[in-house]
Amino acid sequence: MNLKTWLGEEIGAVIRARWGQELSVPVAYPPRPEMGDYASSVGFLLARTLRRSPQEISAAVAEDLRTREGIREATPAGGFVNIVLDEAWLFARFREAAARGFPPLPSKDLRVLLEFVSANPTGPLNVVSARAAAVGDTWKRMLRFAGVQADAEYYVNDAGGQIRALQASLEYFAGLREAFPEDGYRGAYVEALARRLVAEDVPREAWARTVVDWILEEQMAVLRDYRVDYDSVVRESWVRRSEYPAKVREKLAPYLYEQDGAVVFRSTAFPQFGDDKDRVVIRKNGEPTYFFWDLAYHLYKAERGYDRLVDLLGPDHQGYVPRMKAGLEALGVGGDRLEVLIVQQVNLFREGKRVRMSKRKGEFYEMKTLLEEVGVDAARFFMLLRAPSTPLDFDLTLARKLSQDNPVYYVQYTHARTVNLLRYGEERELAPDPEGLFRLDLPEERALALACLRLYETVEDAARTGEVHRLAQYLLDLSRTFHAYYQKVRIVTEDEALSRARLALVDGIRKAVARGLELAGVAAPESM
RNA sequence: GCCCCCGUAGCUCAACGGGACAGAGCAGCGGAUUUCUAAUCCGCAGGUUGGGGGUUCGAGUCCCUCCGGGGGCGCCA
């Protein structure tokens with residue numbers, strides 16, 4: 001259960017009962033934990049609407065809240081109300097959640113399609129793809145945990161200009177072409193692919209198509225190793241053959257005009273999306289632009305019944321967003337149904353020095369290399385440490401270090417430690433006793449039970465906006481709290497009842513951490 | 001020139017629809033090991049949130065402006 005949501009509803013009920021108004025207010029954390037478990041600024045927020053002073057409102061809300069089940073204390077403080085949950089009630093919620101392994105929230109009537117990575121099938125995946133994959137996949141897992149029906153999709157640009165360039169590059173490396181093609185693909189891997197095509201006697205006209213399949217297979221294999229599962233893969237070549245291009249032309253017609261022999265979409269007819277110029281959809285040579293095919297693809301997504309269409313794009317696509325939204329608005333899909341998260345770049349560091357890459361020479365650090373160098377667990381967790389919209393410095397040296405400053409081990413160690421404690425208890429025939437949780441009276445123990453339950457609000461809040469770093473930060477916080485408790489208190493002692501109660505707490509922590517790690521796509525080791 | 005992201009402790013970053021005295025980690029200094037794994041913990045120190053103005057009961061967060069860093073501005077994808 002999401003305590004924050006629940007408290008918001010409780011406050012809403014109080015407002016309804018007292019003033020007969022249907023209002024919802026946000027619930028947050030007070031600045032210092034000793035002030036309470038949760039806080040709300042109801043007084044300030046409703047002062048205008050209710051025409052009462054903030055103090056009066058918060059005092060009244062606090063008074064009514066105190067009578068509700070689960071709330072031990074509600075204290076007005078200016079326009080704020082600070083709330084302390086009832087300890088026995090809290091342990092009961094903890095016990096329920098733990099008994100079921102911190103299960104996902106009930107399902108909601110909301111469908112979301114996440115599209116991420118969708119790298120060109122012209123080469124191996126790089127580290128930006130690794131970041132997008134970690135963010136996209138964890139976002140999907142978090143949405144599902146929050147009860148949202150979320151799917152992940154991979155789009156393959158297996159048609160168009162870059163495929164022609166790939167074909168030409170392969171021909172060049174096979175010695176069938178004198179000059180290296182303009183916008184061609186370099187790198188050892190292209191040469192290797194050309195050799196393989198020749199060795200396997202693939203007919204020249206099928207080279208690009210065949211290589212796309214090989215590369216796609218390789219990309220998907222790396223993503224699988226990375227624990228990323230796609231629910232669907234859509235090919236641009238399929239979209240081109242589908243009914244969607246015709247539908248786009250038809251629906252877009254009122255917003256199209258001709259200029260210099262090209263067909264242009266009046267993107268500026270939708271100033272709310274901020275595009276600064278109109279966009280060509282059909283070139284004067286009659287060939288549609290990438291934008292046109294992409295609209296067809298997104299129309300297809302929308303017609304499959306998703307409420308929200310989310311694209312994770314690289315920073316180089318930032319200027320592309322306004323026209324897509326305007327286009328979808330014109331198609332009747334609604335520009336706001338598309339949400340774009342720009343996943344910023346990744347800077348690699350090794351031994352404190354920047355790892356340089358030259359795309360021009362076809363040299364870059366592959367995602368596969370990253371997995372070999374630091375492993376899946378560290379790679380994924382590090383990618384989740386920062387807000388996706390900010391650039392990420394990835395310290396390769398730290399990621400493979402087996403020490404306390406490596407955040408991934410810090411969290412994994414929490415899990416290993418809980419498992420070890422339970423095993424130690426078992427050896428002494430001490431099984432966890434959830435019924436005994438109520439006898440735990442240390443502030444740390446109450447705080448730990450609450451921290452575990454906060455998994456729900458953390459994930460639900462983070463899943464709304466794709467702020468996956470909150471999950472990582474949460475796991476680090478919970479781990480800190482747990483390690484400190486472990487250091488301070490002996491779990492298994494002569495006191496059998498107390499030991500069994502503490503083991504029940506430890507068992508719940510184990511399950512909460514395991515769930516959090518699962519959402520991050522990171523393994524929860526039993527020993528380290 | 002226009003648009004987007006960013007600027008918070010020496011370093012890397014948090015701060016959840018604007019909330020209370022801006023928090024962590026690392027680095028620095030000082031401590032804790034007869035242990036249920038020290039891959040851990042405790043303490044100290046560290047800030048004019050890039051500058052200025054505005055809106056608000058309240059601004060790191062919103063608006064304007066300036067400075068600095070990164071990215072984008074194709075009938076490429």
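Sequence lines set the chain letters: A, B, ... in the order given, protein chains first and strands last, and positions in each chain run from 1.
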Checklist line | Check: A:Lys4 side chain, B:C16 base, donor-acceptor under 3.5 Å | finding: yes
Rounded [atom1] spacing from [N] to [M] in Å:
| N | M | atom1 | value |
| --- | --- | --- | --- |
| B:G25 | B:C67 | C1' | 30 Å |
| B:C29 | B:A14 | P | 27 Å |
| B:G30 | B:G70 | P | 39 Å |
| B:A77 | B:C6 | C1' | 26 Å |
| B:U65 | B:G23 | C1' | 30 Å |
| B:U49 | B:G10 | P | 13 Å |
| B:G51 | B:G7 | C1' | 12 Å |
| B:C11 | B:G28 | C1' | 12 Å |

Taking salt bridge (charged side-chain N to carboxylate O under 4.0 Å, His left out) as the definition, give me every residue that meets it alongside [X], ordered by chain and number, with sequence neighbours left out.
| X | answer |
| --- | --- |
| A:Arg32 | A:Glu34 |
| A:Arg209 | none |
| A:Arg439 | none |

Notebook entry, point to check: Starting at the 5' end of RNA chain B and moving along, which residue's nearest nucleotide shows up first, A:Tyr29 or A:Tyr320?
Noted result: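 Looking at RNA chain B, the more 5' nearest nucleotide goes with A:Tyr29.
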Mind checking [X] for me? I need base, sugar-phosphate or nothing, with any heavy atom below 4.0 Å counting as a touch.
| X | result |
| --- | --- |
| A:Pro31 | base |
| A:Val489 | base |
| A:Ala262 | base |

Next item on the list: Only pairs at least two apart or in different chains count here, so list each salt bridge (Lys or Arg N to Asp or Glu O under 4.0 Å) that has a residue in residues 311-329 of chain A.
Entry: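 Only A:Lys301-A:Asp311 qualify under salt bridge (Lys or Arg N to Asp or Glu O under 4.0 Å).
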Item checked: Contact list for residues 482-493 of chain A, test salt bridge (Lys or Arg N to Asp or Glu O under 4.0 Å), sequence neighbours left out -> A:Glu444-A:Lys488
Checklist line | Contacts of type side-chain contact (heavy atoms from CB on, under 4.5 Å), residue A:Glu467, not counting sequence neighbours | finding: A:Thr465, A:His469, A:Arg470
Check: Taking only residues two or more places apart in sequence or in another chain, which ones pass side-chain contact (heavy atoms from CB on, under 4.5 Å) with A:Leu430?
Finding: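 side-chain contact (heavy atoms from CB on, under 4.5 Å) check on A:Leu430 returns A:Arg428, A:Val492, A:Glu496, A:Ser499, A:Arg500, A:Leu503.
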Tell me the interatomic distance from [X], atom [atom1], to [N], atom [atom2], rounded to whole angstroms.
| X | N | atom1 | atom2 | value |
| --- | --- | --- | --- | --- |
| A:Leu341 | B:C4 | CG | P | 17 Å |
| A:Arg48 | B:G58 | CZ | P | 11 Å |
| A:Asn347 | B:C11 | CG | C1' | 15 Å |
| A:Asp183 | B:G74 | CG | P | 15 Å |

Item checked: Secondary structure string for RNA chain B (Watson-Crick or G-U under 3.5 angstrom, | for other-strand pairs) -> (((((((..((((.....[...)))).(((((.......))))).....(((((..]....))))))))))))....
Item checked: Nucleic acid contacts - residues 272-282 of chain A versus RNA chain B, non-hydrogen atoms under 4.0 Å ->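 Close to the strand are A:Lys277, A:Val280.
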Next item on the list: May I ask whether A:Phe44 stacks on the base of B:C57, given the cut-offs of 5.5 Å between ring centres and 30° between planes?
Entry: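 Yes, the aromatic ring of A:Phe44 stacks with the base.
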Item checked: Is_stacked (A:Phe80, B:A20) at 5.5 Å, 30 deg ->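 Stack criterion met.
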Notebook entry, point to check: Is there a donor-acceptor pair closer than 3.5 Å between any side-chain N or O of A:Asn406 and the backbone N or O of A:Ala399?
Noted result: yes
Checklist line | Stacked cation flag A:Arg454 on A:Tyr38, 6.0 angstrom / 45 deg | finding: yes
Note to self: Quick test of your reading: applying side-chain hydrogen bond (donor to acceptor under 3.5 Å, both in side chains), list the pairs with at least one residue in residues 274-286 of chain A, sequence neighbours left out, ordered by first then second residue.
What the structure shows: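 Listed by first then second residue: A:Tyr257-A:Asp278, A:Ser267-A:Asp275, A:Thr268-A:Asp278, A:Asp275-A:Arg279, A:Asp276-A:Arg279.
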Output a table of nitrogen or oxygen pairs between the protein and nucleotides 12-14 of chain B separated by less than 3.5 Å.
| unit_1 | atom_1 | unit_2 | atom_2 | d |
| --- | --- | --- | --- | --- |
| B:U12 | O2' | A:Arg386 | NH2 | 2.9 |
| B:C13 | O5' | A:Arg386 | NE | 3.4 |
| B:C13 | O2' | A:Arg386 | NH1 | 3.0 |
| B:A14 | OP1 | A:Ala387 | N | 3.2 |

For a quick test of your reading: what N or O donor-acceptor pairs under 3.5 Å do the side chains of residues 382-396 of chain A make, sequence neighbours left out?
| unit_1 | atom_1 | unit_2 | atom_2 | d |
| --- | --- | --- | --- | --- |
| A:Thr390 | OG1 | A:Ala387 | O | 2.9 |
| A:Asp393 | OD1 | A:Asn347 | ND2 | 3.1 |
| A:Asp395 | OD1 | A:Thr397 | N | 3.0 |
| A:Asp395 | OD1 | A:Leu398 | N | 3.0 |

Checklist line | Atom CZ of A:Arg354: over 12 foreign heavy atoms under 6.0 Å | finding: yes
